[in-house]
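Here is the structure we will look at, set down as structure tokens.
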Amino acid sequence: MTQQARDALLDGLNPAQRQAVEHVNGPLLIVAGPGSGKTRVITHRIAYLNHYLGIRPGNIGAVTFTNRAAKEMRSRLEHLLGDRARYITAGTFHSLCAQILRHDGKAIGLPPEFVIMDDDDQLGLIKRAMVICEVDPKKFPPRSILNAISSAKSRLLTPEGLAQRASGYYDDLVRRIFIEYQALMSRSRGVDFDDLLSRTIELFREAPETLAKYQERFLYLMVDEFQDTNIAQYEIAKQISSKHLNLCVVGDPDQAIYSWRNADIRNILSFQKDFPGTVTVNLSQNYRSTSTILGAARKLISANRQRLDQDLFTDNEMGAKVVIAEAYNEDEEAQLVLQEIERLTREEGFTLRDFVVTYRVNAQSRALEEACLRYGVPYKLVGGVRFYQRREVKDLISYLRLLQDPYDEPSLARVINVPARGIGKRTVDELIAWAGSLSIPAYTALQLLAGDGTEIAEGIDASPFNPRQVQQLVGFLRLINDLRACLPDMELPELIDEVLTRSGYRRSLLDSEEPDAEDRLDNLREFRGVSADWLTIPASESLQPFLENAALVSEQDSIVENEQQYLTLITLHQIKGLEYPVVFITGFEDGVLPHTRSLDNPDQLEEERRIAYVGMTRAGKRLYLLRSFRRRLFGAPTGNPPSRFLRDIPEDFLEAAASRLRSSNNSVGPSGRTSNYPVVAGEPIVQAGPPPFRAGDKVSHATFGQGIVINCLAKPSDYELTVAFKGQSGIKRLLHSFAKLELISKE
DNA sequence: GGTTTTCACGTTACG
DNA sequence: CGTGAAAACC
């Protein structure tokens with residue numbers, strides 16, 4: 001690398017960033033505050049390793065926590081390194097471990113065709129294990145048992161280890177179910193997400209030569225979002241880098257918001273102890289936020305006891321004050337948000353994708369969605385049910401898994417009667433039991449059944465099925481076998497079509513009366529679209545990698561990026577790692593943020609404060625903290641006091657909202673049962689020019705398409721239009737200033 | 001065996 | 001209020 005090239009790489013970095021980039025050998029801890037250019041530093045560091053030290057990209061590994069982060073890193077690396085970037089391993093711990101285990105898992109008796117089990121599969125196994133252990137799922141919810149087991153696994157505890165650590169009644173119960181759960185899991189050649197990690201560690205322990213191989217493979221290893229790693233993940237990073245010690249971890253303890261998912265903050269706090277000689281770099285200059293926003297956020301987080309002080313600063317301008325506002329209820333809260341978005345769009349040149357509305361719990365999105373529809377603002381709801389977790393997608397995946405491997409019993413059990421084809425629960429249970437009594441897989445049992453019922457070999461019990469059952473079961477077997485025969489001659493999308501048609505799945509959705517049948521078909525279509533990445537390869541080749549990808553990359557479509565204009569609605573947890581010029585945080589109330597469930601626990605309360613901190617530090621230019629005087633939770637109206645976190649932020653960073661968000665006066669005092677801000681009363685009617693449209697006009701909207709104006713109603717400084725759109729959009733009420741309707745033809 | 005009704009429950013959600 | 005899963009029904 002020439003001096004110039006090196007200078008170019010380091011150019012524009014501040015001294016701390018430079019140090020982090022240039023310190024490539026030995027353990028390195030980067031404590032990076034929000035907006036400090038963390039991702040940039042990591043990618044530049046990798047480029048530096050490659051360019052300047054001549055390290056082959058194949059010897060560099062970068063592990064992150066989410067596919068989203070991995071994807072972003074890969075695209076940045078491509079930008080810096082071009083084609084060489086694809087040799088760099090940039091992915092999640094889970095995908096790394098899956099690769100290692102597929103390749104070398106045999107050494108610990110793991111068959112290479114193991115199946116990765118997701119939450120639903122796990123829950124199913126837990127329920128079965130509870131039946132075996134005779135535990136009542138009413139008294140002990142399977143979900144919490146699963147959490148306990150998962151927590152133990154992520155701390156690398158075996159059932160025995162769990163017993164040693166704690167020995168109450170509940171712990172013993174968990175231990176017993178744990179054992180059965182693992183037994184059921186290995187019987188179906190399943191591996192859950194925790195196993196991917198723990199079995200990799202087991203492999204490293206049992207097969208030192210394999211560990212040595214990966215130590216030589218990853219001469220340099222980097223871990224992003226280190227504060228989110230659990231014990232098992234840290235252990236893997238430790239093992240791989242224990243020879244060359246070129247381990248670099250990047251994180252921010254103040255943004256640790258996943259303890260409930262077994263992330264262990266001690267990982268980052270004890271890193272220096274675990275790796276003597278660690279160099280620590282603090283990235284404390286913030287390039288994202290105005291100094292007002294950063295100042296407010298710093299004040300908030302400094303109220304936490306358990307933390308390392310970071311001394312963040314920014315050279316950015318002061319900017320506007322942080323706006324706090326109280327609405328009467330969540331509908332008005334949403335309305336305030338949209339009105340302010342409208343104002344900022346109109347007066348200050350922001351566009352829709354500059355905004356994000358974020359909240360603590362998903363249920364809060366409803367009021368916001370409704371307001372968006374009302375105002376005709378296109379929005380994108382991030383989160384909710386994950387794509388690969390939707391029932392129809394999982395059903396289809398199960399079919400595909402079955403084609404790939406007909407002995408995959410969980411998948412078989414899932415789809416044998418989907419759509420309903422007369423094979424009920426009892427028949428399935430009998431099939432499994434019968435196969436079990438013969439010690440053969442269910443698929444073999446089906447083949448036996450199809451072969452010839454009268455010629456079952458001696459010593460084998462006759463099948464327990466009546467002729468009708470036999471007919472249905474054999475019909476299913478034939479379906480699977482016919483589809484399997486298609487594998488070599490079809491590409492994936494075609495195969496998927498074939499599955500949907502031959503199984504009757506598509507038909508059943510088309511005939512379905514359910515309101516969301518249409519959405520399901522859309523999802524299946526989208527799934528088929530994803531499979532088009534594997535075109536030109538016969539399905540027999542592409543099915544396995546495709547399914548592996550589906551199991552590991554359960555990431556929904558990447559956020560932002562495209563040119564489309566929409567408003568983003570997202571939870572505070574999911575917003576981590578993103579940034580927006582204008583951020584609205586709704587539900588800044590005691591009971592919502594911090595959440596009720598954490599009020600009595602100081603540690604959890606500190607995590608809630610970190611959640612608020614993460615939200616606030618996403619903002620570049622403007623930050624709004626909204627709360628609602630009344631809020632409907634579970635149908636019942638509740639009243640929450642303002643968030644206690646507001647008390648941690650000094651007044652001079654804040655601006656009360658009345659004058660800004662509301663043209664009306666703020667008369668009523670802070671106490672009593674009245675809101676500071678009346679509903680939508682008493683706003684002066686100021687007309688914004690003559691009516692833009694008349695009933696009967698044909699118009700066009702960017703999102704909803706063509707429509708006809710039904711009504712045009714005067715509103716404060718605006719017009720509310722009622723428009724009937726063609727197709728699915730139907731009738732919408734829109735604000736003129738927002739909707740940007742184009743006139744197609746006069747009435 | 002399949003469909004409808006009732007009932008209980010409710011934070012956040014990575015792979 | 002809205003959802004998913006078990007129980008009751010056909």
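Order of the sequence lines sets the chain letters (A, B, ...), proteins ahead of strands, with each chain counted from 1.
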Is the shortest side-chain N to carboxylate O distance from A:R390 to A:D519 below 4.0 Å? no
Polar pair under 3.5 Å, donor/acceptor by atom type, side chain A:R597, base B:dT11: no
What nucleic acid atoms does A:R143 come within less than 4.0 Å of, heavy atoms only: base, sugar-phosphate, or nothing? nothing
For a quick check of understanding: with a heavy-atom distance under 4.0 Å over all strands, which category does A:N417 fall into, base, sugar-phosphate or nothing? sugar-phosphate
Under the criterion of centre distance below 5.5 Å and interplanar angle below 30°, is A:W260 classified as stacked on the base of B:dT11? no
Could you check whether any side-chain N or O of A:R610 sits under 3.5 Å from a backbone N or O of A:A256, counting only pairs where one atom can act as donor and the other as acceptor? yes
Mapping A:Q469 and A:L572 onto DNA chain B by nearest heavy atom, which one lands closer to the 5' end? A:Q469
Contact under 4.0 Å: A:N262 side-chain N or O vs B:dA13 OP1/OP2: no
Contact under 4.0 Å: A:Q389 side-chain N or O vs B:dG15 OP1/OP2: no
Are B:dT12 and A:H573 stacked, with the base six-membered ring and the side-chain ring centres under 5.5 Å apart and planes under 30°? no
Working to the nearest 0.5 Å, report the span between OG1 of A:T43 and CE of A:M222. 10.0 Å
Quick one: is B:dG1 close enough that its OP1 or OP2 comes under 4.0 Å of any side-chain N or O from A:T427? yes
I'd like a table of donor-acceptor pairs (distance under 3.5 Å, sequence neighbours excluded) in which one partner is a side-chain atom from residues 123-146 of chain A, with atom names and distances.
residue: A:D136; atom: OD1; partner: A:K138; partner atom: N; Å: 2.9
residue: A:S144; atom: OG; partner: A:P141; partner atom: O; Å: 2.9

